[in-house]
> 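What follows is a structure written as structure tokens; I'll ask about it next.
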Amino acid sequence: MTKLEGRLPAVRIEVVTASFVASGVPSGIHSLSGFLETLNNPALSRYIELNDAAVRPLYRAQAAVDLDAPMLVRRDDVVFANFEGPYFTADAASAPATAAPVLLLAPPFQIAGSMRVPAEADATQALRAAVAGFFIVRDARVFDAEGNGLGQGDQIVVNGSVVQMTSPTRRRIETPARATQTRLAVD
């Protein structure tokens, strides 16, 4: 990995669980591929160590508390994570792939976006394989269970073990008011 001005590039992650959001600098992780490798390797610690950490309740962004010590986050409880830093991934060297739409229902969230699928693969079978571990969803939009928008990201890392239902579709559950507006526009 190339150092910038004699130091490693800055990395910061935001980890979302079903109840809390923690953010900080992950210890020993310097790229997205390194983050995925750490999350998917059962021989490594079950916890992600965040330095310069802050934590808040899930739906209260203004209630963040800066911590004076590192935060340990159990990887099994991660629903998804936003990664800010270098994206040193093997995508360029991998086999030809296409972007397939994906809907993931991982309570309390709906996650809509796309994922890389081998060019000749069936999207449903590719999803079946992906949810065996942590994987990347691109152009992700995150909603609550009712369909209210919560956020978006170019690339997020999703914990396949917390995904209860998934489909290779662009559709999602919409809020009742939004669904009514859509029906009226079509009529």
Side-chain angles (χ1 to χ4, degrees), residues 13-23 26 29 31-42 44 46-48 58-59 73-84 87 89-183 186:
I13 62 172
E14 181 179 68
V15 178
V16 181
T17 70
S19 302
F20 298 100
V21 178
S23 61
I29 297 171
S31 68
L32 179 58
S33 60
F35 186 44
L36 280 171
E37 183 179 325
T38 298
L39 291 170
N40 284 317
N41 188 340
L44 298 178
R46 293 181 54 196
Y47 290 87
I48 304 162
L58 182 59
Y59 294 110
V73 180
R74 193 169 74 170
R75 68 176 170 199
D76 296 344
D77 291 325
V78 172
V79 177
F80 67 92
N82 292 311
F83 183 90
E84 297 173 18
Y87 292 171
T89 62
D91 284 352
S94 62
T98 61
V102 62
L103 172 65
L104 306 164
L105 302 179
F109 306 104
Q110 298 180 60
I111 301 168
S114 65
M115 63 178 275
R116 288 178 55 87
V117 175
E120 301 299 320
D122 174 70
T124 302
Q125 296 308 314
L127 274 170
R128 184 184 310 270
V131 297
F134 287 83
F135 61 98
I136 296 173
V137 174
R138 292 185 167 86
D139 303 318
R141 294 172 297 139
V142 179
F143 305 89
D144 66 13
E146 300 292 322
N148 298 299
L150 299 175
Q152 59 189 25
D154 291 338
Q155 295 190 111
I156 65 172
V157 177
V158 176
N159 181 354
S161 71
V162 300
V163 173
Q164 291 182 351
M165 298 177 197
T166 185
S167 177
T169 182
R170 285 186 172 74
R171 301 201 63 189
R172 65 175 179 81
I173 301 167
E174 296 185 28
T175 59
R178 172 101 174 143
T180 300
Q181 290 172 350
T182 303
R183 277 196 308 273
V186 172

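Below, each value reflects all heavy atoms present in this structure, side chains not excepted, and no hydrogens, waters or symmetry copies.
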> Taking atom CZ of R74 as the centre, report whether more than 12 heavy atoms of other residues, nucleotides or ligands fall under 6.0 Å from it.
yes
> Could you tell me whether a side-chain N or O of N41 sits under 3.5 Å from a main-chain N or O of E37, the two making a donor and an acceptor?
no
> If you count heavy atoms of other groups shown closer than 6.0 angstrom to OH of Y59, is the number above 12?
yes
> Using side chain to side chain contact (heavy atoms under 4.5 Å, CB included), reason through M115 and L127 one step at a time and then give a plain yes or no.
CA-CA 9 Å; M115 63 178 275; L127 274 170; 3.4 Å; yes
> Could you tell me if the side chain of I48 sits less than 4.5 Å from the side chain of T38, heavy atoms only?
no
> What is the minimum heavy-atom distance between G147 and T175, and which atoms define it?
C-CG2, 3.4 Å
> Just verifying a value: how many Å separate L104 CG and R172 CZ, rounded to the nearest 0.5 Å?
13.5 Å
> So how far is it from N148 CG to Q110 CD, rounded to the nearest 0.5 Å?
9.5 Å
> Can you find a heavy atom in the side chain of I13 that is under 4.5 Å from one in the side chain of I29?
no
> Starting at CZ of F83, measure out to CG of D154 and round the result to the nearest 0.5 Å.
13.0 Å
> At their closest point, which heavy atom of D139 faces which heavy atom of S114, and how far apart are they?
OD2-OG, 4.1 Å
> Who passes side-chain hydrogen bond (donor to acceptor under 3.5 Å, both in side chains) against R128, sequence neighbours left out?
Q125
> I need the minimum non-hydrogen distance between I111 and A140, along with the two atoms involved.
CG2-CB, 4.5 Å
> For residues 158-168, tabulate all N or O donor-acceptor pairs below 3.5 Å that involve a side-chain atom, not counting sequence neighbours.
from, atom 1, to, atom 2, distance (Å)
N159, OD1, S161, N, 3.0
N159, OD1, S161, OG, 2.8
N159, ND2, R75, O, 3.4
N159, ND2, D76, O, 3.4
N159, ND2, V78, O, 2.9
N159, ND2, S161, OG, 3.4
T166, OG1, L103, O, 3.0

> Compare every heavy atom of P107 with every heavy atom of V79, then report the nearest pair and how far apart it is.
CG2-O, 4.3 Å
> Grab the two heavy atoms, one from L150 and one from D144, that are nearest each other, plus how far apart they are.
CD1-N, 3.6 Å
> Identify the two heavy atoms, one from V73 and one from A22, that lie closest to each other, and give their separation to 0.1 Å.
CG2-CB, 4.2 Å
> Please list all pairs passing the ring pair (Phe, Tyr, Trp, His ring centres under 6.0 Å) test where one or both residues lie in residues 106-149, with sequence neighbours left out.
F80-F109
> Would you say V21 and L58 make side-chain contact, with heavy atoms under 4.5 Å?
yes
